[in-house]
J.: 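Pasting a structure here, questions to come.
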Amino acid sequence: NTTRNFQLCFAITPYSRKPVWRSIMRFTNSDRNLKHYWDRMPAIFFKPGSTEIRAVMGNQADHDSYVESYSGLTLQMTSRVCVRLEGDLFTLSINGQLADLKPGYCGAKYVAATNVSVWVGDQFYDSADAELLSVNYTTISEEEDYSSCLTIRNTSTVTLGPLVKNPKPGKPLLKGPRRIQFGRLLTDKFKTGRNFEVSFNITPYSKKATLASILRFTKSSNNKGSKFDNMPGFFFQPNSTTVLAVMGRNGNHHGTVPSSKDLPLNSTSTITMRVDGDQLTLSINGSFAGALAGFQGSAYSSNSDVLVWAGDLFRPPADATLENLNYIVLSEDAGSSGPDEGSQGEAGDGEDSGDGEGSGNGEAGDGEAPGPGEGETGNGEAPATTASEKVPSAQEADTTPATTVTEEAPTTTAAEDAAATVQATTIPEQEQVATTVADGSTPSQMSREVAVPSPNETSEPTQSPPSSDELSTTSSPDDEPVKKNWLSVLLGV
């Protein structure tokens, strides 16, 4: 039996990536794949070409509402995955770290159901090449009314805290490939230098119609035109993958350096910005891409408690993956620094016009407002403080990638090997997750001989998701082929 509010947790060990959507688990009271009441309550998948998780939990307003992990699970390593529906939010956590959240459930939740089917690998998609264990479904008491639903759990009470609690100087801030996410705070305790070099690898997958956020270092709650807004910030220009680098300084808080060429889609490029003395230089894959002078005597000095966003709160996130993010503080020559910067929030010299692409003050784009759509909100240490103490909330932005892939049917599946146990309890708001299996082994002790892809294998999302407006490989939910490698379990009445 299912309830309006619940938490579902399980341990999973993935063994390979496949170029198509792979089913991990589905709770359903329907014989349809998607678009219908109770189709996915929830359903959990691996995205094409990766071990990144998408968890779909329908509601009466949107039967395919979902959250995502934004980074893949490590092959042959066991991870703990939890989804939780309570109050207005559906959330996804990986190894105890909140990865994503989706609002909009108050007044629209599915009613409690009996005789719900639980599939480990469903009949619409091939099964994930993975092992499951310690599957626990925990019921959570329902809210009394709509007002209490909004109060208990919402985007103000649950926030995406920083992924890195205490960044170490000289160490990569981000190693990993990680998809850029709306409002994804990497850290709120970063220290910058007057002279510095920042570099990262980026793999774009598509172009967006508006200016798209890649990365932003800031001590401001404003978008642009005031002190410390971008120190620096990186964006993709509208309808392109041309990089726009923004670096403020005293007297011009919105200095811009646009590159001249698009980055190739589905290929990785290295972006490097260096501020030293009077000059800012931008390079792409080791080649000069642009420069801006005028930092002598006006550059921002060193700052602490700087926020670093991999997808900011003002622009839609770029459809791209970041990795190997490094920031190096360079030595300061005598006289190179400007006057003391003081505290954040000093008034700037106003907004620029927002319609130019040349170096200097002009920023290409279509205005200040972020794009419409859903807000998508990672793994690391749990924060001691949250970004909400420093920055205001913002509109959500559409982050669904528009890439596609040619599907290839795999020769093996893991559904028949999956070990899953399903339990229904009634313990309000508490996780009850087993940590051992029947033979006494722990998830970390599990192993399996498999052919592991090379480290260079592409892991980015390469196919549009199986949501209501983006069907899988079939033209209609009714026409999807039935797979034989599934397991059906009926929850007791």
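In this chain, residues are counted from 1 in sequence order.
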J.: Any non-hydrogen side-chain atom of Thr256 less than 4.5 Å from a side-chain atom of Phe235?
T.: no

J.: For residues Thr78 and Glu131, determine if any side-chain heavy atom of one lies less than 4.5 Å from a side-chain heavy atom of the other.
T.: no

J.: Evaluate side chain to side chain donor-acceptor pair (under 3.5 Å) for Asn195 paired with Arg274, printing each intermediate quantity in order.
T.: CA-CA 8 Å; Asn195 294 338; Arg274 185 182 182 96; over 6 Å; no

J.: Looking at residues at least two apart in the chain, or sitting in another chain, which of them share a side-chain contact (heavy atoms from CB on, under 4.5 Å) with Ser23?
T.: Phe45, Asp122, Tyr125

J.: Could you tell me whether the side chain of Val329 reaches within less than 4.5 Å of the side chain of Lys191, counting heavy atoms only?
T.: no

J.: When Thr91 is tested against each of Arg84, Lys102, Arg153 for side chain to side chain donor-acceptor pair (under 3.5 Å), which residue passes?
T.: Arg153

J.: Residues two or more places apart in sequence or in another chain: which of them pass side-chain contact (heavy atoms from CB on, under 4.5 Å) with Asp39?
T.: Ser30, Arg32, His36

J.: Does the side chain of Thr210 come within less than 4.5 Å of Pro316's, by heavy atoms?
T.: yes

J.: Between Glu323 and Lys175, is any pair of side-chain heavy atoms under 4.5 Å apart?
T.: no

J.: Phe217: which residues meet the ring-ring contact (aromatic ring centres under 6.0 Å, His included) condition with it, sequence neighbours left out?
T.: Phe190, Tyr327

J.: Quick one, Ser259 with Thr242, criterion side chain to side chain donor-acceptor pair (under 3.5 Å). Give me CA distance, side-chain angles, the key distance, then yes/no.
T.: CA-CA 6 Å; Ser259 63; Thr242 300; 4.9 Å; no

J.: Identify whether NZ of Lys or CZ of Arg in Lys207 sits under 6.0 Å from the centre of the six-membered ring of Phe236 and within 45° of that ring's axis.
T.: no

